[in-house]
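First up is the structure itself, then whatever we jot down about it.
Letters go in sequence order (proteins before strands), and every chain restarts at 1.
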Amino acid sequence: MEYNFREIEQKWQDWWKENKVYQVSNVSDKPKYYVLDMFPYPSGVGLHVGHPLGYVASDIFARYKRLKGFNVLHPMGYDAFGLPAEQYAIEHGIHPAISTQNNINNYRAQLDKIGFCYDWDREVKTCEPNYYKWTQWIFLQLFHSFFNRQKQKAESIETLIKIFEEEGNVHHVCPGDATIEFEKDEWKSYTDEYQQEVLMHYRLAFCGYGEVNWCEALGTVLANDEVVNGVSERGGHPVVKKKLRQWYLRITEYADRLLEGLKTVDFSDAMKEMQTNWIGKSTGAEIKFDIKNSKFELHVYTTRPDTIFGVDFMVIAPEHELVNGITTPEQKQAVENYITYVKSRSDRERQAEKKITGCFTGAYAINPFNKKQIPVWISEYVLAGYGTGAIMAVPCGDERDFKFAKHFNIPITNIIGDYFNGEEANATKEAKLSNSDFLNGIVMKDAIDIVVNKLVALGIGKKKINYKMRDAAFSRQRYWGEPFPIKWKNKIAIPLNENELPLLLPKVDAYSPGPEGEGPLANIPEWVAKELETNTMPGYAGSSWYFLRYMDPHNNETFCDRKVSDYWNQVDVYIGGTEHAVGHLLYSRMWTKALYDLGFIGYDEPFKKLLNQGMITGNSAFINMMGFNLIKKNQIDKPYIHTEDELKKIAELNNKYQIIHNTFLSYDLMDSIRTTYSKPETEEEIKHDLLRENVLNYLIKPIVDDIKKEGLLEKVIIGFPNYYKIHIPIEYVNINDEVDTERLEKENPKFKDAIFISSDGKTIKCFREVEKMSKSKLNVVNPNDVINKYGSDTFRMYEMFLGPVEQSKPWDTKGIEGVHRFLKKLWRLFFDELKGKVWNEEKATAEELKVLHKAIKKIEEDTERFSFNTAVSAFMVCVNELADLKCNKREVLEPLLIMLVPYAPHITEELWKALGNTKSILDAAYPTFNPAYLVESSKDYPVSINGKLRTNINIALYATQEQVEQIVLNNEVVKKWIEDKPVKKLIFVKNKMVNVVI
RNA sequence: GCCCAUAUGGCGGAAUUGGUAGACGCGCCAGACUCAAAAUCUGGUUCUCGCAAGGGAGUGAAGGUUCGAUUCCUUUUGUGGGCACCA
């Protein structure tokens, strides 16, 4: 009986489906466990081998927990709204709903092949009305809420209105606009319109204005990754910033809670650090500066008020509201030019730019303490969104300010004495201040509070806590997203009633953007007639709460019954990529906190533990191409004036030969071509040079012919070769990096009639590089192909065996044979090809039980700590050892099978049934480790002399330090190394090692 | 530019708390079985000097702490991810 994985896997997948073995109930006596994957966006390309890495890991863990007696919730669904589907619709005229469903079907077929234990009855798709109804509903809850800073929690906006009626907003500073202040009578006197405007500044979901990437030529707003080097990726049109009405979530109000919550969750330190940095809480001061000869005041946020006397200039963001008002007439033109430049730049470009740019506004701020006049500049490195959009620049203490000052010749004041060397800034807090008026002689870190207190006393500043995090932009000018349940009447946002939900996304035939940067919904007359909001929600709306819907996916009364969410509680393990570190993971944490505050769920952190899976990168294949540039002769020696006609011809030829199209060079040739010997001596070198010459002559000949034909013989020369590499599809490359050129030419139009040059006239070699797996890089590996060849059990185990789940690693099919061989070897412990059944009912020996229990210990520990790669190798060790012992005993094999279920569910179910079990192995009890089988009486101690390993000595485990010393020092090898030198110390660590120090 | 991660044989990786560097697998070499191949099995495989016994070097680089460092600290280089409208 052979291991026929194709038959086995299909059989059990069908059986599991028929018997609904993965259906999970919300009612159970068992303890609950919730294992969640980050659900995928169903792209048109389908899954590649990188996607299932996390899914296999979570599947193993879910199955493991089930064997351990838990009621395990392990669902899957689709994050189905998104930009790519809409772009596809624009290009191909297929409705996103249809292409998305097609993609989902494709994903599902792929996922099913891998044998996951998802309860598919709980599947959610964010683009379905019965799902997004509740996304809209939660949005309304956020809209109807504000964040009560005194209680540090969200509350109903009705509560706030009551407060306003009773005491105005004196105890509730307006988070959207701190300048709004009113008493109760004032509130009552406000028009309804103004009251609503004020409330909008408090709501957790609110409307405001924000900048977007606007592409006039495409008439649309572009995502950041659709903008490359300041122009649109499609078409290369200019992109500028444009202010549009946008919805936001007031996530900044939750900044402190989000920080606090990190202490209660089990995320990696790196993840916590990333989120902490993203929130970017800092303590400092806001300082008011008067502007000379002007009514304006400049507010600056700084974390270093102690450096106030070192301020040599101010930099404000080019889009700062004061720029217009304070710029002097002389500087107006220069400032306008500079702003035009900045408008074309993305925030990221602005921060990454090394070139120092800026423009003086002509205005001067006045240092409130010494009345010094400080020039006010604008520069792209100051962003409007951070702090007050203005900084006080202290060149002696900040590198960026220092370089700016040097570049524009602004005199630098040194306030830190010897700490500043004039060559580079020093951000120390330890220096004693000088040139600092009343702060002279005070250590900087102590001066901070002194300055703040003085600022407060003088009424020109205050202590301030600042966050780098901004409120989350929550609207898109797109079609394929959740419509907002909002109507606009007289510029007032009117929420729909709950009974009007879901507000269905209307069917459309065209997806082009609406007028004035509005979304496609603005093109639908009925939609506009109803005065409905034309923006839609962003991709992360649906994903911010989906883990709750899985618990109660068919509920039509509420998003998730409170009793059910109380039972399942938090997600116990959440597995997904780090790329979501500061997006999805912060948003879903915020939504959870808001839902908790409003009493809809019983916990305020969604994910108890987070495991980050690494990427599986592709192993791209490249082939070389070459080309030559023609160099006009006058660039080299004597001046020669080319005629117009000649110049045109040269340009044409250059165009033709810069890359010699359709001619590809084997990789092993490239080394030869790139090296030359000035004096070839050995036979090899002569051969090498000959080969090189042949290739080059071959390539150059047609160029020379063309040069002659065009009559340019004396007028140009051929320059050094250019080298290029291009991707070739990896399916045409074998394990030895040899290209199947015949098939490639036949099947791939890009390589039709291609010429391949090799060193031996036969083999064309390519070279490999590790890159992200993507369609454009022609390096995608489809899991189905692997499964067809080796089966899903092999695939699952190999994905794990590749390395730690958290780490990125390249996909390489080479090693998969080893895992497959392991499963075959396991099979042979049960069945022999010729003899058939070989397993038996004999009693296991102590040695065999030791092998088994060693494996139980190791595999259980490794699975618990998500070290699946080492668990796989422990299985291999165990099977190797059992094979060596010729152990075919049920007593040993059965527990081994149960342990293997999470990793290879199909083969284990088959063998389990073959052993005569009638019930599924999925609910078997996990074997219990018994340490008694592993007890040892002695150990081979490694013995080092001065830290260098010299020998091993077997010593009883109960030996005392004195006994060990005696044994070790009398050992021949040890004696030899000690010679006659005195032993300074002998280090003995029980059960570990011995080190003799001489 | 800023934040985070990461670097170990020909390759993927192991070494869980500072204690035998290279488990396990791939690949490669040699052998067995076979008419032959596949499959399977046995042995070897970090580099280097040496016939061998046995030395020496070695975890991106440079320093440091320690009896002992892949592991901790400082500096530095390469690579990958994120940076607010890809998901």
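- As the counterpart of B:A84, no nucleotide is assigned, since no Watson-Crick or G-U wobble pattern has both distances under 3.5 Å.
- For A:Tyr381 and A:Phe404, the ring centers are positioned less than 6.0 Å apart.
- Side-chain N/O atoms of A:Arg348 include one lying less than 4.0 angstrom from OP1 or OP2 on B:A84.
- Contact of A:Asn995 with B:C67 (side chain to base): a donor-acceptor pair of N or O atoms is detected under 3.5 Å.
- As judged by a 4.0 angstrom heavy-atom cut-off over every strand, A:Val877 is placed among residues touching the sugar-phosphate backbone only.
- Nucleic acid contact for A:Ser268: none, since no nucleic acid atom lies under 4.0 Å from a heavy atom of the residue.
- The residue A:Ala270 sits close only to the backbone: its heavy atoms come under 4.0 Å of sugar-phosphate atoms, none of a base.
- With no hydrogens or angles considered, a side-chain donor-acceptor pair links A:Trp545 and A:Thr135 at under 3.5 Å.
- Residue A:Gln477 places a side-chain atom within donor-acceptor reach of the base of B:C85, judged by atom type and a 3.5 Å distance cut-off alone.
- For the C1' atoms, the distance from B:U34 to B:U40 is 12 Å, rounded to whole Å.
- Using a 4.0 Å heavy-atom cutoff across all strands shown, A:Lys468 reaches at least one base atom of the nucleic acid.
- With hydrogens and angles ignored, a donor-acceptor pair under 3.5 angstrom links the side chain of A:Lys858 to the base of B:U16.
- At the heavy-atom level, A:Glu817 lies nowhere under 4.0 Å from the strands shown.
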